[in-house]
Amino acid sequence: MRYDFEKIEEKWQKAWKDKDTFKARSEGDKKKFYCLEMFPYPSGRIHMGHVRNYSIGDVIVRFKQMKGFNVLHPMGWDALGLPAENAAIKNKSHPEDWTKSNISYMKEQLKRMGFGYDWEREVATCDPDYYKWNQYIFIKMYERGLVYKKRSEVNWCPSCKTVLANEQVVDGGCWRCDSEVDLKKLEQWFLKITDYADELLASHGDLEKWPGKVLSMQKNWIGKSKGAEVTFRVDGMDREIEIFTTRLDTIFGSTFFAMSVKHPLVKELIADNPEKDKIEKFIKEVEQDSRNNREQAEKRGIFTGKYAVNPFNGEKIPIWLANFVLIEYGSGAIMSVPAHDDRDFEFAKKYNIPIRRVIVKDPKEELPEEVEEVFHDPGYLINSGDYSGLTTEVAVKEMGEVLKEKELGKLTTQFRLRDWGISRQRYWGTPIPMVYCDKCGVVPEKFENLPVKLPREIDFTPGGGSPLEKSDSFKKATCPKCGGEGARETDTMDTFFDSSWYFFRYSGISDSKPFDSEESKAWMPVDLYIGGVEHAILHLIYSRFFTKVFRDLKWTNISEPFPHLLTQGMVTLGGSAMSKSKGNIVDPDELIKKYGADTVRIFILFAAPPEKGLEWSDKGVEGANRFLQRIWNLFHSNIEIIRGDFSLDKEEKSTKDTYIKLNQTIKKVTEDIELSFHLNTAIAAMMEFFNKLSGSIDLIKKENPGLLVYSIEIFLKLLSPFAPHFANELWSEMGKTEILENEGWPIPDEDYLVEKSVNIMIQINGKIRDKISASVDETEENLKKAALDSEKIKQYIEGKEIVKVIFIKNRMLSFVIK
RNA sequence: GCCGGGGUGGCGGAAUAGGCAGACGCACGGGACUUAAAAUCCCGGGAGGGCGACCUCGUGGGGGUUCGAUUCCCCCCCCCGGCACCA
């Protein structure tokens, strides 16, 4: 008979709800465990990635709960953002309605999967009670000088009609719709994440439980490089240009100077150049090029007619405009050292600029005059005046001191990381709580006026500016400072703002603060954070930034929100991530309907270890179902014994191997969940045990029925985090009254973990030639005797000399012969 | 180019303080049950050779260390992810 998963799953979901099984409690002196999976965007329905992510989390949570932890396992919705607006425009509805109906549908789906959450802590970022605190945090950051407004060139997505953060531009395209990104000059609000760049990188040392991959991605993103700022005077002009270099030691080799066409001084430099028109044409071309051409273009440049003066040797070097110098990095100008930099070398070759070698590996080495190859490594300085002969390292130090002394620059550090532009010209986001007053300037909204609510009735079709611009009632505001008439900021926040602190909110929901610091202190940090590797940079770096700001605001005493990160691999179909736009979605609903939640959970967890990518295939889902069904069948065909009153006989010879296997399985499953999260091998171990049990069922029934009862008990406990409804059903059929979630996690019987006899392999010259069954801990002496008695071994050893014997207890005996 | 992760049967994947490669599952083949099928149960399987006991080869390729290497060292190839005229 097939088990009726529908009935069973509904029954136990109701039981968990009625018993508040997953309500976070702070009881006794139990340790806390805060397990969090990245909250979903309510796009409509959950997808396989969610199923995988939340199944992993749920196993850990149920395991920890049985292990005796106070567990916090909340869930919520990352509910603001563009898709809601786009969908609403398409269906002529409202983003709020679309979002809320999606939330309620998806919530049912999560419940249907049997995931154990504390729904009392649910948050939805579109709720004014939530985004109120976005606004509050924004103002607090403003007060700390971490928020500023700047007119700047920003990434503009012409299709989404909004600004994108640097992090949201992928290969020159919009991260969401892949349209080519334009540059646009706009007044934008920025968060000074760069103030924390150094710390964000330095505290990587505290994140030893993060995947190396994520750390390296963040490291790349922050892009710290040590070097020096040096000021070059422009010859014949009262102007100076600052450069950044990581190779101050090569400064005597600088034979030209290069700057970005967008450098603010360019206009002035070429003002009196007779070939000004030609240069301006060049500038236009380069600007055009950098927009259209995502690939690395051929190096091009043009001489400005001016010279820069090298502060170290007074040498005048030509100032060029070059397409390979980026305005976004450093100061947008560089000293070029062709002998020691590939780009400079290529450029110098093309434009016949002298190439001067200033660093060598060995000062005694005779080198040709002509520099044929760029030398990158550190070494000894030559052709460098008083510095010649010094090592790279010493030269940088000494030159740095000279710079400082003469006020010509300093040793410094550059970051690739830019400040985070958070202004968005769209409707469905948190209004930025600022008021413009003619008298007082820009003023943050008063606390008592928060939240600044999104008006519901509004034309939110995107245009050039923010849709909120069109609402007079929204725009109209009273200046919080002087009480005069003011105008509200109409841009909304990047939704990454919302998700940068939601985990704090869960840890201490409060009406009067973003989160209750006291309660939060008891729960934070998140002990295990599980989510897709696609959030490795954006979300995770922003969340770390917010946490450090909260610490500095004394709202928390932790510096890192997620000491332990588990990044699950993406679920792909046809090689790419499932997404609506690509139309390669697999809807879990169908599988759940056909097989039930327990089967789906086992199946997705068994398919691969969590951190690996998973190319979707439903081959094998039958196998997961079959596994449960086999347990069901064995259970029910032996129900009398299982319900009976039998005691376990550990020492019964005929079944001792099963008892040992059971204990080994407890150990393996526990370690797989706790240490490596390799839930696939945990399931495999359970299957292995079940195969063993069902293979010797007749013997066990006859000789040791107590072992069957005991095995089933333990087995159901081990299975319960994976297939919780199923396990609970059988558990209750055994006559147990407590639910499994409130039972303790089994502990292996240490005296029964090792088999009493083992196979010893006998090797000759490294090749296995025989196997001998022996009791555990058999001595080398005895095994050697037995091996030498073996016919198989004899034929190899006959007439040869035994040079050496290697023995590893309980494993092998190896003869080296000649 | 730099950084990170990989490469194991037909497939998903096991196993590395060096010691029986391929656990577990899928798919496949054979058998039992059945009038038949489905379901279920049992058996089989890396490749090649041999009737067989067995033998040889085999964890991307090449070299090395070792009695013994999927595991350690050196060189190379390929795949995936990230960053990238970053000065």
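Hydrogens, waters and symmetry mates are skipped; everything else that's a heavy atom, side chains included, is used. Just so we're on the same page: letters track the sequence lines, and every chain starts at 1. Everything numeric in this text was worked out from a predicted model, so none of it was measured.
Across all strands shown, rG9(B) forms no Watson-Crick or G-U wobble pair with both key distances under 3.5 Å. Here rG1(B) sits opposite rC83(B) as a Watson-Crick or G-U wobble pair (both hydrogen-bonding atom distances under 3.5 Å). As the counterpart of rA23(B), no nucleotide is assigned, since no Watson-Crick or G-U wobble pattern has both distances under 3.5 Å.
Separating the C1' atom of rG50(B) from that of rC11(B) is a span of 31 Å, rounded to the nearest Å. Distance check on atom C1': rG29(B) versus rG45(B) gives 9 Å, rounded to whole Å. Annotation: rC24(B) and rG30(B) have their C1' atoms spaced 22 Å apart (nearest Å). Nucleotides rU8(B) and rU59(B) are separated by 4 Å at their C1' atoms, to the nearest Å. Look at the P atom in both rU16(B) and rG22(B): the space between them is 13 Å, to the nearest Å. Rounded to a whole angstrom, the distance from the C1' atom of rG10(B) to that of rC3(B) is 35 Å. With both ends at atom C1', the span from rC20(B) to rA69(B) equals 14 Å, rounded to whole Å. Nucleotides rC79(B) and rC26(B) place their P atoms 33 Å apart, quoted to the nearest Å.
The side chain of Asn220(A) lies closest to rC83(B), out of rC83(B), rC85(B), rC20(B). If you check rA23(B), rA87(B), rA14(B) against the side chain of Pro609(A), the one that comes closest is rA14(B). Candidate nucleotides rC85(B), rG13(B), rG12(B) were compared by shortest atom distance to the side chain of Lys299(A), and rC85(B) ranks first. Ranking rG82(B), rC54(B), rC67(B) by closeness to the Ile806(A) side chain, first place goes to rC67(B). Comparing atom distances between the Ala607(A) side chain and each of rG4(B), rC3(B), rG12(B) picks out rG12(B) as nearest. When each of rG25(B), rC67(B), rA15(B) is scored by its nearest atom to the side-chain atoms of Lys668(A), the top-ranked nucleotide is rA15(B). Of the candidate nucleotides rC55(B), rC3(B), rG19(B), rG19(B) has the atom nearest to the side chain of Met812(A). Considering only side-chain atoms of Ser814(A), the nucleotide from rC20(B), rG19(B), rC86(B) that sits closest is rG19(B).
Between Glu688(A) and Lys668(A) no salt bridge is recorded (no basic side-chain N to carboxylate O distance below 4.0 Å). With respect to Asp657(A) and Lys692(A), a salt bridge is recorded, a charged nitrogen being found less than 4.0 Å from a carboxylate O.
By the 6.0 Å contact criterion, NZ on Lys784(A) is open, its count of non-hydrogen atoms from other residues, nucleotides or ligands being 12 or less. Shown here is Lys767(A), whose NZ atom has no more than 12 heavy atoms of other residues, nucleotides or ligands within 6.0 Å.
Distance Ile251(A) CD1 to rA87(B) P: 16 Å, rounded to the nearest Å. Taking atom CD1 of residue Ile222(A) and atom P of nucleotide rG4(B), one finds them 16 Å apart after rounding to whole Å. Rounded to whole Å, atom C1' of rC86(B) lies 9 Å from atom CZ of Arg418(A). What separates CG of Asp672(A) from C1' of rG13(B) is a distance of 13 Å, to the nearest Å. What separates CD of Gln629(A) from C1' of rC41(B) is a distance of 14 Å, to the nearest Å. Computed from coordinates, the Ile808(A) CD1 to rC20(B) P distance equals 9 Å when rounded to whole Å. Taking atom NZ of Lys771(A) as the reference point, atom P of rA21(B) lies 7 Å away to the nearest angstrom. A straight line from CD of Glu622(A) to P of rU40(B) spans 8 Å, rounded to a whole angstrom.
Residue Ser216(A) is the one, among Leu326(A) and Ser216(A), whose nearest nucleotide of RNA chain B lies closer to the 5' end (criterion: closest heavy atom).
Between Lys767(A) and rG68(B) there is no side-chain polar atom (N or O) within less than 4.0 angstrom of OP1 or OP2. Not one side-chain nitrogen or oxygen of Arg300(A) sits closer than 4.0 Å to the OP1 or OP2 atom of rC85(B). The phosphate of rG18(B) has neither OP1 nor OP2 within less than 4.0 Å of any side-chain N or O from Arg811(A). Phosphate contact (OP1/OP2 of rC55(B), side-chain N/O of Arg769(A), threshold under 4.0 Å): present.
By the 30° and 60° cut-offs, the orientation of the rings of Tyr542(A) relative to Phe496(A) is perpendicular.
Look at rG12(B): its glycosidic torsion is beyond 90° from 0, and that puts it in the anti range.
Checked options Tyr3(A), Phe690(A), Phe5(A), Phe627(A); the residue passing with Trp632(A) is Tyr3(A) (criterion: ring pair (Phe, Tyr, Trp, His ring centres under 6.0 Å)).
Between the side chain of Gln763(A) and the base of rG19(B), a donor-acceptor pair under 3.5 Å is found.
Closest non-hydrogen pair, Met48(A) versus Leu591(A), comes out as CE-CD1, 3.7 Å.
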